[in-house]
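Take a look at the structure set out below.
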2 protein chains.
Amino acid sequence: MATEQPASLDPTQLDAYFALIEVTSLLRHAVEQQLKDAGDLSYVQFQLLARLGDSPSGSHRMTDLADGVVYSRSGLTYQAQLLEQRGLVTRAPAPDDERSTIVTITDEGRAVLSKVFPGHRALLTELLFDPLTTADVSALAGVLGRVRDHMRAAPPRSAAPRRRKGA
Amino acid sequence: MATEQPASLDPTQLDAYFALIEVTSLLRHAVEQQLKDAGDLSYVQFQLLARLGDSPSGSHRMTDLADGVVYSRSGLTYQAQLLEQRGLVTRAPAPDDERSTIVTITDEGRAVLSKVFPGHRALLTELLFDPLTTADVSALAGVLGRVRDHMRAAPPRSAAPRRRKGA
DNA sequence: GTTGTTTGCTTCGAATCCGAAGCACTGAGG
DNA sequence: CCTCAGTGCTTCGGATTCGAAGCAAACAAC
């Protein structure tokens with residue numbers, strides 16, 4: 001009963017929402033399977049390696065990785081340990097800030113990445129892009145890009161930094 | 001060097017893919033938080049209740065639920081147990097096939113569902129639909145709907161039913 | 001420089017997740 | 001009827017996940 005009535009979502013919105021969830025779930029499961037078969041990587045591990053591989057220095061701070069991949073800090077620590085054990089990344093304290101840990105992809109990490117990439121691309125093409133026209137893909141990228149920017153700009157209502165002093 | 005070159009994805013495709021993953025991750029985390037706060041439900045639990053609530057009979061078989069929600073069988077068993085313990089659903093063997101388990105939403109389950117819905121809608125509106133025009137939403141629903149149909153039609157390369165006899 | 005706060009990461013415990021193996025029922029053949 | 005394959009679900013074990021709490025470096029205010 002406030003100024004805005006909750007106004008149930010209209011059917012098109014529901015369609016969009018459900019399709020979004022469903023497509024992503026299916027895609028994710030398929031990709032996870034492929035990554036595991038091709039290089040024994042979890043989806044997160046792949047995302048981490050990919051991000052590191054994209055970086056000019058091949059490095060990133062833990063926090064930036066967690067943030068980019070939308071993952072909990074503790075979860076990232078765990079995955080980074082696994083990757084380090086396999087020799088796919090190295091971890092070292094940052095020179096300028098002893099608190100930060102800099103994760104860097106190794107040659108072996110890059111090797112795994114390139115071993116896995118072709119299958120990844122093929123799967124995406126087959127599942128996601130095959131049924132779409134170029135225009136569709138553009139539209140998708142445009143619309144979702146806008147949503148992403150919106151979400152990134154306005155963090156959760158409770159952008160809970162650790163224990164605020166004032167409310 | 002086969003007949004088809006892997007042909008790296010073009011930039012627009014990458015944009016679409018990354019935006020898709022990122023938007024869904026962010027959205028999912030936000031929704032999970034809201035559901036937990038509002039009704040102490042996990043995302044899966046909410047999806048299950050919602051599906052049951054949509055059904056005319058308020059019931060579904062376990063397998064159909066797992067399939068619809070894209071979840072492992074064992075995971076579904078676990079979640080269904082939790083929901084049953086809380087009295088939000090009941091479980092009973094199917095009359096016509098003793099193997100199947102029919103899950104049915106209870107009045108209490110519906111109550112929780114309706115307690116959680118408004119906040120859910122509000123969150124979706126705020127995060128997902130706010131930055132989009134009606135046309136955008138239509139486009140999204142159309143494109144993703146097509147992808148979903150495509151994915152559902154062509155199950156994973158290894159549509160591994162249990163241990164095939166031939167191959 | 002010293003105290004108090006913030007920030008970056010890890011450790012800890014509990015919850016959740018999945019695949020493999022197991023159990024129970026069904027249906028087809030003989 | 002008996003067997004055998006197929007299906008539906010659960011159990012089991014191990015891996016992954018997260019949030020809360022802990023620790024250490026950095027920064028601000030004095």
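Chain letters run A, B, ... following the sequence lines, proteins first and then strands; every chain starts at 1. In this text the structure is predicted, and so the values were computed from the model without any measurement.
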Separation between CG (B:L20) and CG (A:L27), nearest 0.5 Å, reads 6.5 Å

The answer to which of A:M62 and B:D96 contacts DNA chain C further toward the 5' end, by nearest nucleotide, is A:M62

Expected output: side-chain A:T104 to main-chain A:T90 donor-acceptor under 3.5 Å: no

Sorted by position of nearest nucleotide on DNA chain D, 5' first, the leading residue of A:V44 and B:S74 is B:S74

Here the distance between atom P of C:dT16 and atom CG of B:L41, to the nearest Å, is 12 Å

request  = With heavy atoms under 4.0 Å as the rule, sort B:T101 into base, sugar-phosphate or nothing.
outcome  = sugar-phosphate

ask   = Does any donor atom in the side chain of B:D136 or B:T133 lie under 3.5 Å from an acceptor atom in the other side chain?
value = yes

Between B:Q45 and C:dT16, is there a side-chain N or O to OP1/OP2 distance below 4.0 Å?
no

Practice item. Ignoring backbone atoms, establish whether B:R61 has a side-chain N or O less than 4.0 Å from OP1 or OP2 of D:dG8. Key: yes

So does A:Q79 get a side-chain nitrogen or oxygen closer than 4.0 Å to the phosphate oxygens (OP1/OP2) of D:dA15? no

Sugar-phosphate only, base, or nothing, as touched by B:S100 at under 4.0 Å among non-hydrogen atoms: sugar-phosphate

To the nearest angstrom, the CD-P distance between A:Q85 and C:dT10 comes to 13 Å

Atom CZ of A:R86 and atom C1' of D:dA15 are separated, to the nearest Å, by 14 Å

Examine D:dT10: is either OP1 or OP2 under 4.0 Å from a nitrogen or oxygen in the side chain of B:Y78? Give yes or no.
-> no

Per nearest nucleotide of DNA chain C, the residue lying toward the 5' end, A:K36 or A:L76, is A:L76

A:R99 (side chain) and C:dT7 (base): donor-acceptor pair under 3.5 Å: yes

note: A:Y71, atom OH; C:dC17, atom C1'; distance rounded to Å ~ 11 Å

Taken to the nearest whole Å, NE2/A:H29 to C1'/C:dG19 is 13 Å

In this structure, OG of B:S55 is separated from CG of B:L65 (nearest 0.5 Å) by 9.0 Å

Output field dot_bracket for DNA chain D (Watson-Crick or G-U, both distances under 3.5 Å, | for other-strand pairs) contains ||||||||||||||||||||||||||||||

Tell me whether the side-chain N/O atoms of A:R91 come closer than 4.0 Å to OP1 or OP2 in C:dT10. yes

Between the CD atom in A:Q45 and the CZ atom in A:R86, the distance rounded to the nearest 0.5 Å is 6.0 Å

A:Q33 CD to C:dC18 P, in whole Å, measures 12 Å

Across the strands shown, which category fits B:L82 at heavy-atom distances under 4.0 angstrom: base, sugar-phosphate, nothing? sugar-phosphate

For this session: Examine distances only and state if a side-chain atom of B:H150 and a backbone atom of A:E126 form a donor-acceptor pair shorter than 3.5 Å.
Result: yes

Handout entry: Side-chain ion pair, A:R28 and A:E32, N-O less than 4.0 Å
Key = yes

Atom CG of B:D97 and atom P of D:dG8 are separated, to the nearest Å, by 7 Å

* Without swapping roles, check the side chain of B:T125 against the backbone of B:F129 for a donor-acceptor pair under 3.5 Å. => no

